[in-house]
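Below is one structure; the comments refer to it alone.
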Number of protein chains: 4
Amino acid sequence: MTGEGTTSASAGAPAERRGRPRSPAVDTAVVETVLRLLEDGVGVAELSMERIAREAGVGKATVYRRWAGKEALMLDVLRSLDEAVPGPAGACVRDDLVALLEFLRRRGLAKRSSAVLRTVVAQVQARPALWAEYHDTVVAARREAFEAVLRRGMASGEIRADLDTELLTDLFVSPMLSRALFHEWRELPEGLSERIVDTLLEGVRPA
Amino acid sequence: MTGEGTTSASAGAPAERRGRPRSPAVDTAVVETVLRLLEDGVGVAELSMERIAREAGVGKATVYRRWAGKEALMLDVLRSLDEAVPGPAGACVRDDLVALLEFLRRRGLAKRSSAVLRTVVAQVQARPALWAEYHDTVVAARREAFEAVLRRGMASGEIRADLDTELLTDLFVSPMLSRALFHEWRELPEGLSERIVDTLLEGVRPA
Amino acid sequence: MTGEGTTSASAGAPAERRGRPRSPAVDTAVVETVLRLLEDGVGVAELSMERIAREAGVGKATVYRRWAGKEALMLDVLRSLDEAVPGPAGACVRDDLVALLEFLRRRGLAKRSSAVLRTVVAQVQARPALWAEYHDTVVAARREAFEAVLRRGMASGEIRADLDTELLTDLFVSPMLSRALFHEWRELPEGLSERIVDTLLEGVRPA
Amino acid sequence: MTGEGTTSASAGAPAERRGRPRSPAVDTAVVETVLRLLEDGVGVAELSMERIAREAGVGKATVYRRWAGKEALMLDVLRSLDEAVPGPAGACVRDDLVALLEFLRRRGLAKRSSAVLRTVVAQVQARPALWAEYHDTVVAARREAFEAVLRRGMASGEIRADLDTELLTDLFVSPMLSRALFHEWRELPEGLSERIVDTLLEGVRPA
DNA sequence: AGGTAATCGAGACGGTACGTCGTGTCTTCAC
DNA sequence: GTGAAGACACGACGTACCGTCTCGATTACCT
């Protein structure tokens, strides 16, 4: 968990707060409750604000004081699951790419994450700001990690230099992503990362 | 468009119909109304069964007589947008693959389609039967078209024969799919199909 | 049972009927079904036209072809329970009055009858024609029987001649009637008729 | 008017109130709306909870939070029309009885009251608890007033002491009651109270 | 015998209301 | 001012019933 951030601006101004300060326990309790419910197999559709507040033992108004709605809350839940991507530690670019995909498979697209992610996807065109928020804080970092590895590979001659790193990132990431979105109920299999990376590196046309 | 299909079993038995038959005009009116509303920018979230029935000039019970819920209806809407994929017409396998991706870009992932598709994605784990239904009737046909072309390429020596066609299909399709899901608000650019196919064919490693 | 009468005008004109004639079995089946349901303790509120038709094994439209609505049907049900009041058979006017009240207690206000009667009462101001119909065909005959006895008593000197027979009828009948309407769930007790008649005859003021 | 009472237990315990208290304005608004609609000639049958809530500018759930259903609401409406019966003020028992009947004629059975009363009658066997509630809070008080006068008359020798006050009350009240129920559309005529009382006092048999 | 026509059971149809639930706001008291 | 609690107006949910309307099948009269 990395803190809420969405509403509590934590900006430079002291903001002159008065009265009783907000209990950080509430933030924790709410997010944890959502995760627990998801873990228990409660679909995101059955997750009403009403129920979340009730099960968290928290007033509904208190929830709305922190998050603008269910989607904003879900975003913070998703962010609370975020972890720093591993730095480049492999001997070669191929190993770094595999490591990044493995991280995605094991952490970023685990059962809980993709359940929440699906809700966020469903809101893409209805609430663009929401998706932008998620993209800037979570997705961008992961993509940047990919692109850094790819640029390094281009410099070292391990990757063709005439290709767009953005498109390449899509080629590497999206097969795993769409599998997670469309049939996550079965775990992503081991070895998938290696097969994707190697196939992309070698190409599909016979040598 | 292949008709509704969900309820009309199209089985062999004459089914001994009694009472007033269901009006096909209702099926049409409802699906058309949903499409019109989506076209008008009404988000899928604002699409209540109540409103659909009201705007279609149809009783709510009549809608529920045909579809078990909003998701089932959306599925049929999605199916109504389905078109037969183009047969292999290109000179080479590369051209056929590009044609299939182009079809996906222009038809299968147009604004309307991907709006509904996002709803289906959001329901994947909540109602697996729904997704299975959609997969079997729409997705499977498209994937089969891809795999047929790939098998043909393997036979003719244009595609490496040591690869899994299922994984290959994912590699070709998912970059476009995830772009449509995550930022459909900007149209998928021209030339994307060719870039994906060619990059995959050649491989990312320098020759 | 005295026949439906409400809709089948049975007027003088031959009315030139063509096509399949209405099955008298339907009238019977419907009315009997209502009575059976009432007998089974089904409240009049739960008696929907839908359910009546279903349980009678009859099409809904067929029911509506005969009766304009639930109230009209109930009226016919009530009429089917009607019986001819006993003629004056007693030795004196007092005995005739008791006999009439006893008839009312045992027949006219039995459990079934008063259940239906309550429905009709509830419709008094909403559908005055309905009540008028019931009054003219059933109530009037009973009141006339009372008034005839009273007039005979006035002639013979057994009843004060300076009173209005209409008011007198109310005085005799309404105590039993309102008991039946307001707490029919307990049977009207034996001996009630005699107590009412004798108290009214003697008067409440000490002799 | 004695307040709602159905839900407000008025018990001894302070009941530890939490959360926002119920707005008394809602109770008022709803009951007033029902009365207004009845006044406007809207039949009790057309009075749906939906419509009542809509016209009262109140949420449907708010109505159901206070009353279990239409019947319970109607009961409170009926109770809101209740007034304290006049105390014994006449010179003699005969005058007190006339006064009580006059009160019933002018207040208790006015147009509005008997419209609602008919609904209650229709619900008697379906919901006995409802009737019991109404009987205990409204009817009992009125009957008790009658019986008190009658007992006083018995003590003073103005009324025969060998009669059951309960039956006597029925004899006095029910003629007016059943007239109100069966043909309220015409107002109960002036002088009716006196005629009923005097006839009952003198008796029907010639002196 | 064949035609015409109103009937039958069945059930779809557009509506309206039911009673419940969720949304986001508000109002109370306690801290 | 924040906390839990819960009332509030609003609107959607999925079901039931209303009274009307097709369906194919039946059942009489009238050629």
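Everything numeric here is computed off the predicted structure, so don't read it as measured data. The chains referred to below are lettered A, B, ... by the order of the sequence lines, with proteins before strands, and numbering in each begins at 1.
Mapping D:M49 and B:V58 onto DNA chain E via the closest heavy atom, the residue that lands nearer the 5' end is B:V58. Nearer to the 5' terminus of DNA chain F, by closest-nucleotide assignment, is the contact made by D:T62 (compared with the other of C:E71 and D:T62). Mapping C:S48 and B:A68 onto DNA chain F by nearest heavy atom places B:A68 closer to the 5' end of the strand. Mapping C:V26 and D:A61 onto DNA chain E by nearest heavy atom places C:V26 closer to the 5' end of the strand.
Electrostatic pairing of D:R51 and D:E55 counts as a salt bridge here, judged by a charged N lying under 4.0 Å from a carboxylate O.
Residue B:R54 places at least one side-chain N or O closer than 4.0 Å to OP1 or OP2 of F:dA12. Contact annotation: A:S23 side-chain N/O to F:dT2 OP1/OP2 distance is not under 4.0 Å. At the phosphate of F:dA7, OP1 or OP2 sits under 4.0 Å from a side-chain N or O atom of D:R65.
Note: OH (D:Y64) to P (E:dG19) measures 3 Å, nearest angstrom. Whole-Å rounding puts the C:R18 CZ to E:dG3 P distance at 16 Å. One atom, CG of A:L73, and another, P of E:dG24, lie 11 Å apart when rounded to the nearest Å. When the C1' atom of E:dG22 is taken as reference, atom CD of A:E50 falls 6 Å away, rounded to whole Å.
Here D:G69 lies out of heavy-atom contact (under 4.0 Å) with every strand.
Inter-residue side-chain proximity for D:L75 and D:W67 is flagged as unmet; no heavy-atom pair is nearer than 4.5 Å. Taking the side chain as every heavy atom from C-beta outward, B:V30 and B:R66 never approach each other to under 4.5 Å.
A donor N or O paired with an acceptor N or O is found under 3.5 Å between the base of F:dC21 and the side-chain atoms of B:R20.
Comparing atom distances between the D:K60 side chain and each of E:dG14, F:dC8, E:dC18 picks out E:dC18 as nearest.
Partner C:L35 forms a side-chain contact (heavy atoms from CB on, under 4.5 Å) with one of C:L37, C:T33, C:V31 and no other, that one being C:V31.
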